[in-house]
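First up is the structure itself, then whatever we jot down about it.
Note that the numbering runs from 1 along the sequence shown for the chain. Here the structure is a predicted model, which is why all the values come from computation and not from measurement.
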Amino acid sequence: ESRSVGVYVSLLPIAIGVVLASTTEVSFEVYGVLAATFSAVMKVMQNIYTKRVMNRENFSFFEIHFWSGVAALLVIAPIQVLRLLTVDNASNVSSSQEVQDVDSDALVIHPLVLLVVCSFLQYASSLSSYMVLSLVTHLTFTITNTMKRLVIIVSGILYFGQAFELLNIAGVLMAVGGVFLYNTATA
């Protein structure tokens, strides 16, 4: 897919804005940055491939979601089995007992319940992503995900009580302005 120069130019303030919005905490681990970058690149590649499969192979987003889940299970299941066979279960029991002893009045939710809720929310998120991806171009979908990241950054700043610095505010405004430029360039 080729785009106009205006579309490519509109992507710069979005990318730079997200970087500036997240600069409140500049301490980081190199491995963490590399893992996050790899994850983002893989997600973009997955979205591109998914869109192509939906258009060329005539798969529905339900079928793609199912086969993605099967592939994920095939990758994760052996790793989880290996982890369960090698982890010392006695240390896990004592650490969970210590947590319960610290605050006996706290609401304790069984990890299996948390896993089921998390799985359901991830399923709903993935399904809605595939539904949206079937309706819009890949680039529009990626920009929407970028704005989602921006909302997560701002929410994190608010939740953890960090002060909004001028650089954060400038980044948010620049990213939102870039989205308006993108919408204008694609109209």
Side-chain angles (χ1 to χ4, degrees), residues 1 11 14-15 18-19 21-22 25 28-100 102-103 106-157 159-160 175 179:
E1 298 177 22
L11 298 178
I14 296 171
V18 171
V19 169
S22 60
E25 184 63 45
F28 61 88
E29 292 291 326
V30 173
Y31 293 119
V33 171
L34 292 175
T37 302
F38 180 73
S39 173
V41 167
M42 294 309 294
K43 184 65 176 171
V44 168
M45 297 302 292
Q46 177 191 9
N47 291 338
I48 290 170
Y49 181 71
T50 299
K51 185 72 173 183
R52 287 184 180 169
V53 168
M54 289 171 76
N55 290 338
R56 293 185 184 159
E57 304 299 326
N58 203 20
F59 282 105
S60 71
F61 49 82
F62 292 109
E63 292 168 311
I64 291 174
H65 186 65
F66 171 77
W67 289 112
S68 294
V70 169
L73 180 65
L74 292 175
V75 169
I76 290 296
I79 295 170
Q80 182 63 15
V81 168
L82 183 63
R83 188 184 81 71
L84 288 173
L85 293 174
T86 59
V87 170
D88 181 16
N89 288 329
S91 65
N92 288 342
V93 170
S94 65
S95 64
S96 65
Q97 183 64 37
E98 291 170 9
V99 170
Q100 289 180 359
V102 170
D103 189 3
L107 175 65
V108 177
I109 300 174
H110 193 276
L112 187 58
V113 173
L114 293 174
L115 181 65
V116 168
V117 171
C118 181
S119 297
F120 174 76
L121 292 174
Q122 180 60 35
Y123 177 79
S125 173
S126 295
L127 194 59
S128 63
S129 290
Y130 288 133
M131 293 170 98
V132 170
L133 186 58
S134 70
L135 300 173
V136 299
T137 66
H138 172 262
L139 185 57
T140 300
F141 184 76
T142 301
I143 289 173
T144 303
N145 275 337
T146 302
M147 294 312 294
K148 178 180 75 174
R149 286 188 190 101
L150 188 66
V151 168
I152 291 170
I153 291 167
V154 170
S155 300
I157 290 172
Y159 180 79
F160 292 112
V179 171

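To the nearest 0.5 Å, atoms CG (L127) and CD (Q122) are separated by 11.0 Å. With values rounded to the nearest 0.5 angstrom, L34 atom CG is found 12.5 Å from S39 atom OG. Interatomic distance, M147 CE to T142 OG1, rounded to the nearest 0.5 Å: 13.5 Å. Between atom OG of residue S128 and atom OH of residue Y123 there is a gap of 10.5 Å, rounded to the nearest 0.5 Å.
Annotation: side chain of I14 is in contact with side chain of I143 (closest heavy-atom distance under 4.5 Å). No side-chain heavy atom of L150 sits under 4.5 Å from any side-chain heavy atom of T146. In this structure the side chain of L139 reaches within 4.5 angstrom of the side chain of L11, judged on heavy atoms.
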